[in-house]
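Worksheet: the structure to be examined is printed underneath.
Sequence positions, counted from 1, serve as the residue numbers for this chain.
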Amino acid sequence: MFALCIYGLLLTISPYVPTYRDRVFPPGVTIRPLETGFHYTFNSSETDTWAPYTEALHTFLEAYDDNKQRATNVECTPGRYFIQEGEEYEERKACQFRRSMLKNCSGIEDPSFGFSTGKPCILLKMNRIVGFKAGYGTPITVSCGLHRGNESQLGTVHFYPENYFDLMYYPYYGKLTHVNYTSPLVAMHFTELTPHQDITIQCKINGRDIINDHKTDRFLGRVIFTMNIG
């Protein structure tokens, strides 16, 4: 009887769409490259101290290769959601997010992603949520500041392609139907970090219904990490 009940329950659950999407929390964020404790320590003149970071970034960005994106994904209209009608089991198209769009943080012109000059790039992405229309019509922006300390230690931060996630990459339809989907990225280029000291940085997403100040969840709408450049 129990097995029969479980079987009946499974028949009511869609493999394509979460049953209780109204209970999904706002998106969290993560960064690349990953580092234990989110503490990045390196000396720009010593390649072995930052090579693992750049190798990880090159590996991560393989899916964003320009030729691969052009071959599998489509060009979309910026500033508009890419709504695709149809049955929930039908395959959806995905918008191109080409590696070259990350400009100085693409690793194309500078394979070291700025680490060799003490001006490192960090990539930020939002967690995927099926059906989530990011920003509710207004792009979700990204901002960075010191978590603690003197703001002059941080200096200017450059964002690529822009300091927001374009609406055209949403909604996400799930891994079974949005098979070629690659999450949009925002590259953060730290070009004026004060060397030889720990600099704790907080980068967060901002927008309608975004939570970025939760007291216990440090990845809900924000990420905190430390840089120390030798």
Which atoms form the tightest heavy-atom contact between [X] and [Y], and what is the distance?
X	Y	value
E85	E90	O-OE1, 4.3 Å
S183	K125	CB-CD, 4.4 Å
L61	F113	CD1-CE2, 3.7 Å
P26	L220	O-CD1, 3.2 Å
T182	R128	CA-NH2, 4.0 Å
P27	N127	CB-O, 4.1 Å

With a 4.5 Å cut-off on side-chain heavy atoms, are [Y] and [X] touching?
X	Y	value
N104	Y160	yes
V142	Y164	no
I199	L146	yes
N43	I229	no
P33	F60	no
N180	H178	no
S44	T117	no
P139	F165	no

Main-chain N/O of [Y] paired with [X] side-chain donor or acceptor, under 3.5 Å:
X	Y	answer
T59	E55	yes
Y81	G137	yes
N163	S143	no
R222	H214	yes
H58	P111	yes
Q202	I224	no
Q69	A63	yes
D166	G79	yes
R32	L123	no

**Request:** Could you give me the CA-CA distance, side-chain angles and deciding distance for N212 and V29, then say whether side chain to side chain contact (heavy atoms under 4.5 Å, CB included) is met?
**Result:** CA-CA 10 Å; N212 56 25; V29 297; over 6 Å; no

**Prompt:** Should Y181 and I83 be regarded as members of a common hydrophobic cluster, given that ILVMFWY residues are connected when their side-chain heavy atoms come within less than 4.5 Å of each other, either directly or indirectly?
**Reply:** yes

**ILVMFWY network linking M101 to I31, side-chain heavy atoms under 4.5 angstrom** = yes

**Asked** Which residue pairs pass the disulfide (SG to SG under 2.5 Å) test with at least one member in residues 106-164, sequence neighbours excluded?
**Response**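 As it turns out, the disulfide (SG to SG under 2.5 Å) pairs with a partner in residues 106-164, which skip direct neighbours, are C105-C121, C144-C203.
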
Below 30° counts as parallel, above 60° as perpendicular, anything between as tilted: where do the rings of [X] and [Y] land?
X	Y	value
F42	Y53	perpendicular
F190	F225	perpendicular
Y136	F132	perpendicular

**Candidate pair T200 and T226, rule side chain to side chain donor-acceptor pair (under 3.5 Å), full reasoning** = CA-CA 4 Å; T200 302; T226 300; 3.1 Å; yes

**Message:** Taking NZ in K93 as the centre, count heavy atoms belonging to other residues, nucleotides or ligands within less than 6.0 Å. Is the count above 12?
**Reply:**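 It does not: K93 NZ has 12 such atoms or fewer within range.
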
**Asked** Is R80 atom CZ crowded by more than 12 heavy atoms from other residues, nucleotides or ligands, each under 6.0 Å away?
**Response**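 Counting neighbours around CZ of R80, 12 or fewer heavy atoms of other residues, nucleotides or ligands fall under 6.0 Å, so no.
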
**Request:** May I ask you to check whether Y173 and Y89 place their ring centres under 6.0 Å from each other?
**Result:**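 Distance test on ring centres: not under 6.0 Å, no.
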
**Asked** What do you reckon, are the aromatic ring centroids of Y170 and F82 less than 6.0 Å apart?
**Response** no

To the nearest 0.5 Å, tell me how far [X] [atom1] sits from [Y] [atom2].
X	Y	atom1	atom2	answer
I108	L102	CD1	CG	8.0 Å
M126	L185	CE	CG	10.5 Å
M227	T194	CE	OG1	13.0 Å
L193	Y40	CG	OH	13.0 Å
D209	I211	CG	CD1	8.5 Å
L154	E151	CG	CD	6.0 Å

**Item:** Criterion side chain to side chain contact (heavy atoms under 4.5 Å, CB included) on T177 and E88, from CA distance to verdict
**Value:** CA-CA 8 Å; T177 57; E88 62 182 26; over 6 Å; no

**Message:** Pair H158, T191 - check side chain to side chain contact (heavy atoms under 4.5 Å, CB included), show working.
**Reply:** CA-CA 8 Å; H158 302 276; T191 60; 3.6 Å; yes

**Item:** For E109, side chain to side chain contact (heavy atoms under 4.5 Å, CB included) partners two or more places apart
**Value:** none

**Request:** Could you list the residues that satisfy ring-ring contact (aromatic ring centres under 6.0 Å, His included) with Y169, not counting sequence neighbours?
**Result:** F97

**Message:** Working note: F219 + F38, criterion ring pair (Phe, Tyr, Trp, His ring centres under 6.0 Å); need CA distance, chi angles, decisive distance, verdict.
**Reply:** CA-CA 12 Å; F219 299 106; F38 291 87; 5.3 Å; yes

**Message:** Assess the residue pair E192 and T156 against the criterion (side chain to side chain donor-acceptor pair (under 3.5 Å)); give the C-alpha distance rounded to whole Å, side-chain angles, the decisive distance to 0.1 Å, and a yes or no.
**Reply:** CA-CA 6 Å; E192 298 178 350; T156 302; 3.3 Å; yes

